[in-house]
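One structure below.
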Amino acid sequence: MNRSLTVRSGESTEQLEPGTTAVQALKALEAIRGQIVAATVRTDGGEPHVWDLDRPLPTTEAPIDLGVVEAASEEGRAILRHSTAHLMAQAVTDLFPGAKWAIGPPIEDGFYYDFDVARPFTPEDLEAIEARMVELAREKQRFVREVVAREDALEEFAEQPYKVEIIELVDAGTIVSSVDVGGPTAEDEEGLDAPDGPTFTVYRNVRVDGEVAWSDLCRGPHVPSVDRIPAFKLLRSAGAYWRGREDQPMLQRIYGTAWESKKALTAHLEMLEEAKKRDHRKLGRELELTTSPDELGPGLSIFLPAGAIVRQQMEDWIRHETLARGYQPVYTPHIAKEDLWRISGHLENYGELMYPGMDLDDGAAAYRLKPMNCPFHILAFTSRTRSYRELPVRISELGTVYRYERSGVVNGMLRARGFTQDDSHIFCRDDQVVDEVADCVEFARDLYRTFGLGEPSRVAISTRPEKSMAGNDEGWAAAEQALVDAVERTGLPYELDPGEGAFYGPKIDIHAKDAIGREWQLTTVQIDFNLPERFDISYIGADGDKHRPYMVHRALFGSIERFFAVMVESFNGAFPTWLAPEQVRVVPVAADFLAYADEVATALRAQQVRVEVDASDDTLGAKIRSAQTSKVPHTLVVGGSEAEARTVAVRPYRGDQRKDVALEDFVTEVVAEIAERRTHLEDA
RNA sequence: GCCGAGGUAGCUCAGUUGGCUAGAGCAGCCGCCUUGUAAGCGGCAGGUCAGGGGUUCGAAUCCCCUCCUCGGCUCCA
């Protein structure tokens with residue numbers, strides 16, 4: 001056929017020969033700007049497909065709209081990283097003959113590839129693999145896409161059991177075509193590849209002389225050749241279960257990262273270093289905020305006086321706010337009879353995460369440490385008959401819970417075995433649930449703003465999982481809709497996580513980004529169908545009948561300990577003044593001025609400012625240094641001239657020094673700063 | 001729980017192929033020194049080298065077990 005292709009990009013249109021590749025067309029259209037890794041192809045106004053630059057355009061009568069994928073975009077980096085994963089797998093194949101390959105997708109900030117090898121990789125292996133990758137990249141092998149029939153793919157990868165399994169999983173419909181799998185794609189369905197029966201795509205690394213060096217089942221797309229990966233680095237290896245399932249073999253995973261430039265890679269590696277420096281365990285030790293001695297046990301921490309003050313500010317804020325928003329405080333025990341946990345279903349559904357029972361001598365009763373506060377709050381609710389008139393009832397507590405987390409998952413205060421939830425359970429009528437949930441989300445927003453985290457970075461609504469054990473279809477649908485309605489009312493963008501809800505109800509998870517761009521899951525708002533049923537709770541409606549209330553569970557900090565750790569890392573230990581354990585340090589330039597230093601401290605202390613005087617016999621330089629390394633927000637240097645004029649020299653932790661500030665003025669300033677809960681995250 | 005890497009003084013780290021009473025800096029304590037914005041000087045004290053077992057003439061060092069920490073997997077606030 002002697003047809004021609006019509007290609008368009010922006011204002012320009014060209015007629016080209018069939019078989020023209022994407023990059024050739026883009027050149028003809030003069031549509032290439034900057035560094036690109038792939039094209040986008042759209043026909044008939046349909047969805048755009050990412051397209052290999054060297055892949056011939058589809059043969060179609062309709063005009064093709066072409067676009068580019070820039071290297072310095074999330075989509076572009078994913079393509080770079082995916083290509084780097086292939087390059088790494090090729091290097092591993094070279095160095096470890098007989099290695100079996102599983103999957104190697106791009107992930108946030110990098111990529112990984114899983115291998116089945118005779119022995120785990122060592123750090124030296126990673127160096128060797130990376131060196132081999134550099135060599136291979138110099139060979140300028142091209143990535144060549146090929147569509148193969150299912151049978152041919154099975155034959156080609158007969159020695160690769162995981163690839164065979166992937167093909168079979170695609171057959172079974174267990175997985176649909178993903179980045180790791182060259183299974184049937186939307187393109188095939190649209191006839192762009194004119195397949196004859198089920199097909200898979202294979203990407204071949206082809207040497208300059210045309211010899212095929214390595215091939216992998218893959219959906220693509222990829223960069224045109226391996227030397228087009230500007231910067232990459234292997235980071236670490238770790239075990240990972242095949243298909244993420246514990247009953248499957250453990251493979252060896254290598255993590256790496258790749259970027260559009262050396263500069264971007266360096267910036268990323270520096271961010272990782274920075275994150276390491278800010279680790280809450282390290283800063284907790286250095287600033288004497290917390291301690292986790294081995295004698296205490298894994299996943300448990302002690303808040304030292306300085307950390308306890310920070311925590312108290314957090315708790316004071318949430319206590320005040322919950323009261324102001326109509327919550328009712330309760331206190332509940334740390335243990336309860338095992339029967340309570342049987343009724344609640346925790347023993348059945350959560351038993352593995354509960355500490356073992358405490359059996360009493362007479363055997364009459366066994367007790368359990370609480371992994372959640374909900375049953376207690378239910379008992380608070382059922383302590384008397386409830387009327388529809390008093391709903392919503394909002395029961396609130398800073399409740400410390402204990403969960404026997406598996407040994408490998410414990411991680412400082414971010415994943416602990418004992419932690420405190422700012423836990424509330426709201427019992428309300430059907431017509432109140434949207435209001436209540438929306439209020440919770442707004443409450444969380446206030447929290448993030450107050451603690452310097454800005455707006456939520458992500459709101460995810462998780463819907464009914466397969467394993468759901470409570471509620472009925474209508475109930476779930478209504479509850480999911482209520483969550484959506486509530487979030488929409490707040491105006492926050494959200495995404496749906498289908499099937500990710502808890503077994504007892506759907507939930508909203510809210511995330512926030514810290515000062516160095518890391519995202520943390522903090523707030524959770526969940527609807528619980530399970531406990532109201534199990535405890536058969538009710539209220540008396542206007543009709544005189546019993547009705548089942550909705551039960552909304554919410555924890556805004558999530559866990560006080562986790563949030564505390566996020567605060568430490570986000571502020572890099574340099575808390576805003578209102579949170580800082582020590583808000584002001586008074587440094588006399590010499591012992592003669594201790595008396596005035598004490599006067600200054602007394603004036604501040606009278607306004608509830610947390611202030612210390614450095615009465616050591618260190619030199620002035622050493623005292624300044626000590627105040628700086630302790631990250632005290634304000635250091636006041638006082639000597640003869642200050643004592644005489646009743647002023648202070650102010651040296652903030654960040655910002656410029658100011659001399660001859662009247663003591664009264666400084667007190668007023670710092671009191672206002674604290675009262676307003678000013679933060680300074682932008683330059684933390 | 002699984003895979004890997006680790007555990008030397010309160011902290012950060014040295015410690016050679018197994019070989020003298022295991023070292024340093026910081027922090028601590030004692031003393032000296034005392035006026036201007038990130039470390040003044042000297043001394044003292046501090047370790048059952050995570051714990052237990054083994055190999056050896058001899059173990060921080062080699063082997064085994066346990067505990068703990070870190071990075072992942074799975075799970076999760």
Side-chain angles (χ1 to χ4, degrees), chain A residues 112 114 117 119-123 125-126 235-255 272 276 279 281-282 285-286 288 291-299 350 352-353 371-373 399 401 403-423 500 502 507 509-510 520-524 526 553-563 565-566 587-594 616-630 635-643 649-651 653 656-657 659:
Chain A
Y112 67 79
D114 287 346
V117 281
R119 62 164 177 82
F121 296 111
T122 64
D125 290 338
L126 292 199
L235 297 174
R236 66 178 72 89
S237 65
Y241 299 110
W242 166 233
R243 297 177 60 203
R245 284 171 28 182
E246 286 181 79
D247 59 350
Q248 297 287 329
M250 181 157 276
L251 307 174
Q252 295 304 316
R253 172 172 299 179
I254 300 177
Y255 284 95
L272 293 180
K276 219 167 157 186
D279 190 295
R281 290 161 291 209
K282 180 175 137 70
R285 244 196 325 271
E286 289 172 1
E288 296 184 34
T291 183
S292 305
D294 287 353
E295 302 91 297
L296 205 54
Y350 211 75
E352 279 181 18
L353 279 165
M372 292 189 190
N373 302 300
V401 297
R403 299 181 185 174
Y404 189 73
E405 298 283 357
R406 297 163 90 188
S407 62
V409 308
V410 173
N411 180 268
M413 305 182 91
L414 297 171
R415 187 76 181 273
R417 281 185 173 165
F419 61 96
T420 305
Q421 296 177 306
D422 61 311
D423 207 359
E500 290 299 309
K507 61 174 182 174
D509 287 324
I510 309 181
W520 304 91
Q521 204 252 286
L522 301 167
T523 301
T524 186
Q526 314 181 339
H553 158 84
R554 47 106 295 189
L556 303 183
F557 283 120
S559 133
I560 301 282
E561 286 80 356
R562 172 182 288 180
F563 199 94
V566 171
V587 174
V589 299
D592 289 350
F593 307 104
L594 257 177
S616 71
D617 58 1
D618 285 335
T619 58
L620 178 62
K623 285 188 277 198
I624 297 285
R625 179 169 194 274
S626 156
Q628 288 292 121
T629 54
S630 304
T635 300
L636 303 182
V637 179
V638 294
S641 51
E642 286 82 5
V650 184
R651 181 187 172 116
Y653 178 73
D656 299 325
Q657 297 175 38
K659 296 204 169 173

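A, B, ... follow the sequence lines: proteins, then strands. Residue 1 opens every chain.
Among the heavy atoms of the strands lying under 4.0 Å from A:G239 is at least one base atom, whether or not backbone atoms are also near. Among the atoms of the strands shown, base atoms are found under 4.0 Å from some heavy atom of A:E642. Across all strands shown, A:R562 has heavy atoms under 4.0 Å from base atoms, whether or not it also approaches the sugar-phosphate. Counting non-hydrogen atoms under 4.0 angstrom, A:E405 reaches a base of the nucleic acid. No contact: A:T635 has no heavy atom under 4.0 Å from any strand. Looking at heavy-atom distances under 4.0 Å, A:R253 makes contact with sugar-phosphate atoms alone, never a base.
Using C1' as the reference atom, B:rC49 and B:rA22 are 8 Å apart when rounded to the nearest Å. For the P atoms, the distance linking B:rG18 with B:rU61 amounts to 11 Å, nearest Å. B:rC13 and B:rC70 have their P atoms separated by 15 Å, given to the nearest Å. B:rG71 and B:rG19 have their C1' atoms separated by 36 Å, with the value rounded to a whole Å.
Here B:rA38 is the nucleotide among B:rC68, B:rA38, B:rG72 with the atom lying nearest to any side-chain atom of A:I624. Closest to the side chain of A:V637, from the set B:rU74, B:rA77, B:rU37, is B:rU37. Residue A:T524 has its side chain nearest to B:rA77 when only B:rG36, B:rA77, B:rU74 are considered. In this structure, of B:rG71, B:rA77, B:rG1, it is B:rA77 that holds the atom nearest to the side chain of A:S559. Considering only side-chain atoms of A:M250, the nucleotide from B:rG72, B:rU37, B:rA39 that sits closest is B:rG72. Of the candidates B:rA77, B:rG40, B:rC2, B:rC2 carries the atom nearest the A:Y241 side chain, counting heavy atoms from C-beta on. Closest contact between the side chain of A:R415 and the listed nucleotides B:rU74, B:rG71, B:rC75 involves B:rC75. Of all nucleotides listed (B:rC3, B:rG1, B:rA38), B:rC3 comes nearest to the side chain of A:Q252. Of the candidate nucleotides B:rG72, B:rU69, B:rU74, B:rG72 has the atom nearest to the side chain of A:A238.
With hydrogens and angles left out, the side chain of A:S641 and the base of B:rG36 share a donor-acceptor pair within 3.5 Å. Between the base of B:rA27 and the side chain of A:E286 there is no donor-acceptor pair shorter than 3.5 Å. Between the side chain of A:Y404 and the base of B:rG1, no donor-acceptor pair of N or O atoms lies under 3.5 Å. On a pure distance criterion of 3.5 Å, no polar donor-acceptor pair joins the side chain of A:R625 and the base of B:rU37. Within 3.5 Å, no donor on the side chain of A:Q657 pairs with an acceptor on the base of B:rG36, nor the reverse. For A:R406 against B:rC2, no side-chain N or O and base N or O form a donor-acceptor pair under 3.5 Å. Counting atom types as modelled, A:D617 pairs a side-chain N or O with a base atom of B:rC33 as donor and acceptor under 3.5 Å.
In terms of phosphate contacts, A:S407 brings a side-chain nitrogen or oxygen within less than 4.0 Å of OP1 or OP2 of B:rG1. Between A:R651 and B:rA38 there is a side-chain N or O to OP1 or OP2 distance below 4.0 Å. Between A:N411 and the phosphate of B:rG71, there is a side-chain N or O to OP1/OP2 separation shorter than 4.0 Å. Proximity of A:R281 to the phosphate of B:rC70: a side-chain N or O atom is located under 4.0 Å from OP1 or OP2.
Checking A:T122 against A:F593, the closest nucleotide of RNA chain B that is more toward the 5' end is the one next to A:T122. For A:S626 and A:P120, each mapped to the nucleotide of RNA chain B holding its nearest heavy atom, the one lying further toward the 5' end belongs to A:P120.
Both the sub-6.0 Å distance and the 45° axial angle are not jointly satisfied by A:R562 relative to the ring of A:F557.
Under the stacking definition used here (centres under 5.5 Å, planes under 30°), the residue A:F419 qualifies as stacked on the base of B:rA77.
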In sequence, state the C-alpha distance, the side-chain angles, and the governing distance for A:D114 and A:Q252, and then conclude on side-chain contact (heavy atoms from CB on, under 4.5 Å).
CA-CA 6 Å; A:D114 287 346; A:Q252 295 304 316; over 6 Å; no
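The partner of B:rC33 is absent, by the rule that a Watson-Crick or G-U pair needs both atom distances under 3.5 Å.
For CG of A:D247, the number of neighbouring non-hydrogen atoms (other residues, nucleotides, ligands) closer than 6.0 Å is greater than 12.
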